[in-house]
Amino acid sequence: MMESSESLFDLEQDELPFAEVLVPLPLEQYFTYRVPRQFTDLAQVGCRVLVPFGRQKVQTGIVIQRHSKNPSVYEAKAIMDVLEERPSINAHQLSLFSWIANYYLCTEGEVLQAALPSGLKIHSEINVQLHPYYDADKEPEYPLTAHEQLLLDHLQQHDFIPFSEISKLIPLKDPSALVRSLVKKEAILLFEKLKDKFSPKTVRKISLHPDYQQKEKLQALFAQLESKGNSQKQVEVLLLLLQLQSLDNDDIGLAKAVHKSELINKGASASALKTLVKNGILHDFQETIARFQFRGETKSLPPLSKEQEQAKEAIITALSEKEVCLLQGVTGSGKTEIYMHLIEETIYNGHQALLLVPEIALTTQIVSRLQQVFGDKLGVYHSRFSDNERVEVWQKVQNDALQVVVGVRSSVFLPFENLGLVIVDEEHESSYKQFDPSPRYHARDVAVVLAHLHQAKTLVASATPSLESFYLAQEGKWGYVLLEKRFADAQMPDILLADMKKAKKRREMVQDFTPELLTQLRYVVEQKEQAILFQNRRGYAPFLQCDICAHVPRCKNCDVSLTYHQFSEEVRCHYCGYKEPVPASCEACGNSQLITVGLGTEKIEEEVVQLFPATKVQRMDLDTTRSKHSYQEIIDDFSQQKTQILIGTQMVTKGLDFDQVTLVGVLDADGLLRFPDFRASERSFQTLTQVSGRAGRKEKKGVVIIQTRDVQHPILQMVIHYQWREFYQYELNERRLFRFPPFVRLITITLRHRDKSSVKQAASQLARHLRSNLGENRVSEAHEPLISRIKNRFLMEITVKFERTGFNVQQGKAFIKQSGKSLMENKNFTGLEILYDVDPY
DNA sequence: AGCACGCCGACT
DNA sequence: GTCGGCGTGCTC
C-alpha cells in the first residue's frame, strides 16, 4: 500500500539476519539463530528449519520471528536449512500455540511437540561406523574391553549402527562412555544422519512412449515385432497394455498409463516388459499417489426429519448471534445427519469444517457414513494412523485439498487455512482432555479458541452435556438447541433399579446378579435378542485380600493395591504396569486363603458363561482390545449377532448403534457413585444415561436394569426418571455451594520427588507462599493425593480455585508458574518436579 | 527431552 | 584402580 515507506523499511532492516526459533522441547525460551544469506527470503515466519542444537544434534524448529538484533552474550549458530517454501505453521496456529501454553501453563515447545506429526519433525540420529584405519586383525594399540569388542564385532558385519540401537546389542544402560572410549582409541567414527520420515506413497506405472501414441505408428510397431519372430512375448505385453487402457476408438487413450503391478499380475512377461522399456517403446515411471483414496460413489445428503430440520435451523440462528452453540440431543436423535448438513453448508460457502470425535468413536460407523457423503473431500485424523498418513492429511488440509476433517483431539492442531465450522461430538467425553504428556489441553475448549481465531463457529454436542457447557448455555453465553425426540420414533427404554441390599438379605443374589437382572437376561437369551452388561472395572477383581489377616497385596512402586487378572494369572498395577504371578499365600501371615474382593469384567464374564453355557459371550475392555483390529472385530461380531451378550467397561457406552439390544444391565452403579472426586455425580449420570441409550432402538422398546445398594440415591432416581433438567439444576447447586467448576476455575498443582519428606516440605512451602499471596480461600493446603506414590516417586498436591469473574486468572496463573519456577531453583529441592493441570478432569 | 560432564560405589 | 550408575546443568 505505501510503497515508499515499505522500501525504506526494507533498506533499514535489510535482511533481518536473525531468527527466533521454537524447538519442540519443554523449554521456556526461543533460540536465536543466524539466517544465512541464501535463506533470507526463504526462512519466513512459520517455516520449519533445521538447526544445530546442543552438542551434536540437529533439530527441527519453527521460525517465530525475524529480526536484526545480534545477541551479545553468545554467538548465534546458523540455520542449516529451510525445509519448505511455504510455512508449515500458519499465523493462526502460532497464536493458538501461544494461547495453549499460557492457558495450560506449559511451554510452546510442548505444544509444538504435540501438534506436529512426527513425520514433520526431522532430527539427526547419531550413527557409529568402523574407523577406516581400524584393522581387526592387527593387535590393537589399546586393549579393548569385552563390550567394546562386542560392538566392533557387530560393525564387522554391518556398515553402521544407530547409537540408540547399541544398548539393545550390549547390556548397557548408557553406551555413551563406551562409544567415547572407542572414538578415542580410533576404532570407530561417529556420523549424523537425518531422518526424514515422510515418504510419499508412489506407484510404478507403464505407458506407451509418446512416439508410439498414434495408431499408425503402433500398427507399424506390431508389424515389425511380429516379423522378428522372437518377440511374441513383447506383442502380448503390448496387447495387454492396450486392453487395460480400455481404449475407445481414438488415439487419446493411448497416452493412458496403467499400473505396472497390474500388467504383471495379468500375466505380462517381466523380461519382455523390460526389453520394451529399454528399447524406448514403453515408458516406466513413478507416480505419487494419495494414501487415502475414496472409491465408490458418493451419496447425496440423507434427508432430515422435521425435528432434525428444526434443530438445524435453530443452530444456524443461534450461531448467527453467538460463537458457540450447544446441541443437546438424546441418544438416537440423529445428530450425525444434522452435522452432515451443517458441514455441507460450510463447504458450500468455501470454508473448511472440523468434526472432533472421541478416540473410540473413529473406528465405528461415523467415518464411513461421512465418507459416503463427502468422499474425497473428507480426511480422517487418527492416532492409529501411521505417520506418513498423518503427514498427508496435514498437507492436504494446508493445501485446501480436504474440506472436512473428522479426527481426534489432536486434529485441532491441523493447519486449517479457512475454517468455518468446528463440531465437537460427545463433548462431555473425558478423553478430550489430554493428560499424560503435557500440554494438558481440553480439545473442546481449544476448539472454541481455534474457531474464534478463524472467526468460525463451534457446535458442541452431546446427549449428556458437561456441566461446564450446560452452564454456559444456560447463562446465554452460548446458544442452546434441544433435540428431544428419538429418530424414527424409537422409544426410550424403561430404566429400573434392582435393589442389591434387599436381594442379599433375602439370599436371592446369584453370584453378582439380582433376580431382576437375571430374569431379564434369561428372557433375552431365550428370545434370541441381545444384551449389554456394563461394569466399569477391568480385570477379575480390584484386589485380593487375605481371608485371615485382611492383608492386601500392593504395588512395589505405587501406593495402590494390585488388581487381580484371572485370565493371565497375574496381579497388576494399573498405574505403572508392574505385574507379578498371583501370590500363592499371604505375604504377611502365610495363610494360603486369598479371596477376591470386588467385581471386574473378567469375573462377570466367568459368571455369565457358567449361567448361560450355550450362549456366545464377548468381553470388551482395555485387555481384549489391545491389538489393532480387535475392537472392530468385537463390534462386528456383536452387530452381526454372532455374540449375544457383550460385557464391558466404558467402551460399551460409547456411541454404538445396535438394533437388537433390548437389555442393558449395570452390575454395580455404586462403584461409579462412590468415586471420590467432584465429578462423580456428573460422570455417573452421564455414564448411566449413555449406557441406557444403548437399549431399544427402532421397533422394540428396551429395558435397562441398574443394580445398586442405594435405590434412593438422588442421582439414580434422576437417571431412571429421565429428569435431566433436575439433575443439572441439582448438580449446579452442589457445585456452586462447594465452589467447583463451572463456578470456579480449578488448577491442580502436583509436586513429585523421590524423597517423601522433600516433596512434603516443598509442597507446604509452595502452598504457604501461594496462600499468602493469592488468598487462603483460593489455594488449598498441601495435601497427599489419593495415590501418594506412583513409579516410586512421592506426590503432593495443591488445589487452586479462581473465581470466574472479578479476579485476574491470567495473573494468578503467571504467579503460580513463577512461584513454581523459583521453588525448583531452590537447592534444597533438586530433582523436584512440578506439574500443572488446568481444568483437571 | 537428549546429551555430556562429574561424582561415587563395586568389581577386576 | 577402572567401569558403569546416576545426578546436574545446558542447549542459541
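Excluded from the calculations below are hydrogen atoms, water molecules and symmetry mates; all remaining heavy atoms, backbone and side chain alike, are included. Just so you know, these numbers come straight off a predicted model, no measurement behind them.
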According to a strict under-4.0 Å criterion, is [X] in side-chain N/O contact with OP1 or OP2 of [N]?
| X | N | result |
| --- | --- | --- |
| A:S176 | B:dC3 | no |
| A:R180 | B:dC3 | no |
| A:Y74 | C:dC12 | no |

Grab the [atom1]-[atom2] distance between [X] and [N] for me, whole Å please.
| X | N | atom1 | atom2 | answer |
| --- | --- | --- | --- | --- |
| A:R754 | C:dT8 | CZ | P | 10 Å |
| A:L144 | C:dC3 | CG | C1' | 15 Å |
| A:E833 | C:dG7 | CD | P | 12 Å |
| A:E75 | C:dT11 | CD | P | 14 Å |
| A:R34 | C:dC12 | CZ | P | 13 Å |
| A:E825 | C:dT8 | CD | P | 15 Å |
| A:I170 | C:dG5 | CD1 | P | 12 Å |
| A:L116 | B:dA1 | CG | C1' | 15 Å |

Base, sugar-phosphate alone, or nothing: which one does [X] contact when heavy atoms must sit under 4.0 Å apart?
| X | value |
| --- | --- |
| A:P24 | nothing |
| A:A177 | nothing |
| A:L27 | base |

Any ion pair linking [Y] and [X] (charged N to carboxylate O, less than 4.0 Å)?
| X | Y | answer |
| --- | --- | --- |
| A:E833 | A:K791 | no |
| A:D623 | A:R572 | yes |
| A:E781 | A:R771 | yes |

Out of [options], which nucleotide sits closest to the side chain of [X]?
| X | options | value |
| --- | --- | --- |
| A:H147 | C:dG4, C:dT11, C:dC12 | C:dG4 |
| A:L172 | C:dC12, B:dA1, C:dG4 | C:dG4 |
| A:F31 | C:dT11, C:dT8, C:dG9 | C:dT11 |
| A:K173 | C:dC6, B:dC5, C:dC3 | C:dC6 |
| A:L25 | C:dG5, B:dA1, C:dG9 | B:dA1 |

First of A:G831 and A:P171 reached from the 5' end of DNA chain C, by closest nucleotide: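 Result: A:P171.
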Donor-acceptor contact present, side-chain A:R440 to main-chain A:L835, <3.5 Å: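 Side chain of A:R440 to backbone of A:L835, a donor-acceptor pair under 3.5 Å: no, none is there.
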A:Y30: which of A:Q65, A:E108, A:E20 passes side-chain hydrogen bond (donor to acceptor under 3.5 Å, both in side chains):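 When side-chain hydrogen bond (donor to acceptor under 3.5 Å, both in side chains) is applied between A:Y30 and each of A:Q65, A:E108, A:E20, only A:E108 qualifies.
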